[in-house]
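I have placed the structure first, in the form of structure tokens, so that the comments after it can refer back to it.
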Amino acid sequence: MLIKRPADIEPSEITSESVYQRRRTLLKMSGLATAGAIAGIPLLSLAEQEGISGRELQGVIESPLSTAEPANSWQDITTYNNYYEFGTGKADPARNARDFEPRPWSVVVKGECDKPGRYDFEDLVDNQQLEERVYRFRCVEAWSMVIPWVGIPLASIIGRLQPNSNAKFLRFRTLHDPERMPGQRRRTLDWPYTEGLTMAEAMHPLTLMAVGLYGRELPNQNGAPMRLVVPWKYGFKSIKAIAEIEFTRRRPRSSWEQAIPSEYGFYANVNPEVDHPRWSQARERPIGFGLFARKKPTLMFNGYADQVASLYSGLDLRKNF
Ligand SMILES: Nc1nc2c(c(=O)[nH]1)N[C@H]1C(S)=C(S)[C@@H](COP(=O)(O)O)O[C@H]1N2
Ligand SMILES: [Mo]
């Protein structure tokens, strides 16, 4: 338990809804709401948005680690997705994951730790610690969004699993079940989808195990019931529907690295100075502003350089991309 709920806040006092209302009021006061409305930024409370689904999560506290930028709409975040288990098109996951049943769910924990085993989702994720974190999200395909995730710091899960001194990396695997994940019936990737982090990256306070969105349970297309969010890295690091966590001595190989090592490195840090071999990473297209919206400059580490650059001191970021 690395992050505690402030003692003076009753969980029942704070609903996700009021969080949005409050942020909206703040933005209005600063004059941003008007500007946002003109630019098409959906500065809407949940009640004013369409298509919202999922059970509301209780006792979610607002994290000071959130960006102040206005969030994309529920619609943007749940209809423009990458999730190859449910198809390769951006609109496929919303359609094809509709009937996926993410509960009950369990996660196998193995490798270099003192508490291996199979954990029920509810035992692994401590609902008393749920935080809302509004993070910038940058896909390697040069588009971006701002997303109000709900989750718990990955560090607090790791703390309970008690990694030993051999544990230098973590490997995450998505559920492998072609019956329930139709995309796995085709060899678009080497299933199950696999990702990895260094122990330092995994323990960083910005690294979130997300279980919700906009104060609600995570929609299937966004990785229900639990997915990683590593905001300074390209989106593909943020593995969905995690069914296995393994502590390893050696650096794991991710599915994308395995598929195309020249294009998708292990680190996958957002870096405007290191282009993808087939396109520039200098700029990005914010989703939600229309197809022809002006691109904006991409920031080093997706804007989180102050918090994470020190993790990579001494590393050649061109070689270790
Ligand atoms: N299991 C799994 N996780 C995944 C992917 C995937 O295809 N399968 N796609 C990744 C990529 S490339 C991106 S950009 C993000 C997209 O997350 P979102 O759809 O919630 O925005 O999920 C990542 N996690
Ligand atoms: Mo991505």
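What you see below is based on every heavy atom in this structure, not just the backbone, and it leaves out hydrogens, waters and symmetry mates. Note that ligands are numbered from 1 as they come in the structure, with each ligand's atoms numbered from 1 the same way.
Residue C139 has at least one heavy-atom neighbour below 4.0 Å for each of these atoms of ligand 1: 14 (S). Those atoms of ligand 1 that come under 4.0 Å of a heavy atom in N82, given as number and element, are 5 (C), 9 (N), 11 (C), 12 (S), 13 (C), 14 (S), 16 (C), 19 (O), 22 (O). Atoms of ligand 1 found under 4.0 Å from any heavy atom of N222, numbered from 1 in the order shown, are 18 (P), 20 (O). Close approach to I239 involves these atoms of ligand 1, each under 4.0 Å from a residue heavy atom: 3 (N), 24 (N). Below 4.0 Å from some heavy atom of T174 lie the following atoms of ligand 1, by number and element: 1 (N).
Here the two rings, on F236 and Y264, have centers that are under 6.0 Å apart.
Among residues two or more places apart in sequence or in another chain, the side chain to side chain donor-acceptor pair (under 3.5 Å) test is passed with Y84 by none.
Residue contacts with ligand 1, taken as heavy atom pairs separated by less than 4.0 Å, involve Y84 via backbone and side-chain atoms alike. The part of F137 lying near ligand 1 is the side chain, judged by heavy-atom distances below 4.0 Å.
Under the salt bridge (charged side-chain N to carboxylate O under 4.0 Å, His left out) test applied with R171, the options E195, E246, E257 reduce to a single match, E246.
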Enumerate donor-acceptor pairs with a distance under 3.5 Å from any side-chain N or O in residues 221-231 to protein atoms, sequence neighbours excluded.
unit_1, atom_1, unit_2, atom_2, d
Q221, NE2, T78, O, 2.8
N222, ND2, I77, O, 3.0
R227, NH1, N222, O, 2.7
R227, NH2, S238, O, 3.3

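Ranking protein heavy atoms by distance to atom 6 (C) of ligand 1, first place goes to Y193 CE1, 3.2 Å. At the top of the distance list for atom 8 (N) of ligand 1, counting protein heavy atoms only, stands E85 OE1, 2.8 Å. For atom 22 (O) of ligand 1, the closest non-hydrogen atom of the protein is K240 CE, 3.4 Å. Scanning the protein heavy atoms around atom 24 (N) of ligand 1, the nearest turns out to be S238 O, 2.9 Å.
Within the structure, ligand 1 has R227 among the residues with a heavy atom less than 4.0 angstrom away.
At least one side-chain heavy atom of S63 sits under 4.5 Å from a side-chain heavy atom of R133.
Classified by interplanar angle (parallel below 30°, tilted 30° to 60°, perpendicular above 60°), the ring pair Y304/Y135 is perpendicular. Taking the six-membered ring where tryptophan is involved, the planes of F86 and Y83 are perpendicular, since the angle between them exceeds 60° and thus also 30°. Using the six-membered ring where Trp is involved, Y193 and W256 have ring planes that are perpendicular, over 60° apart on the 30 and 60° scheme.
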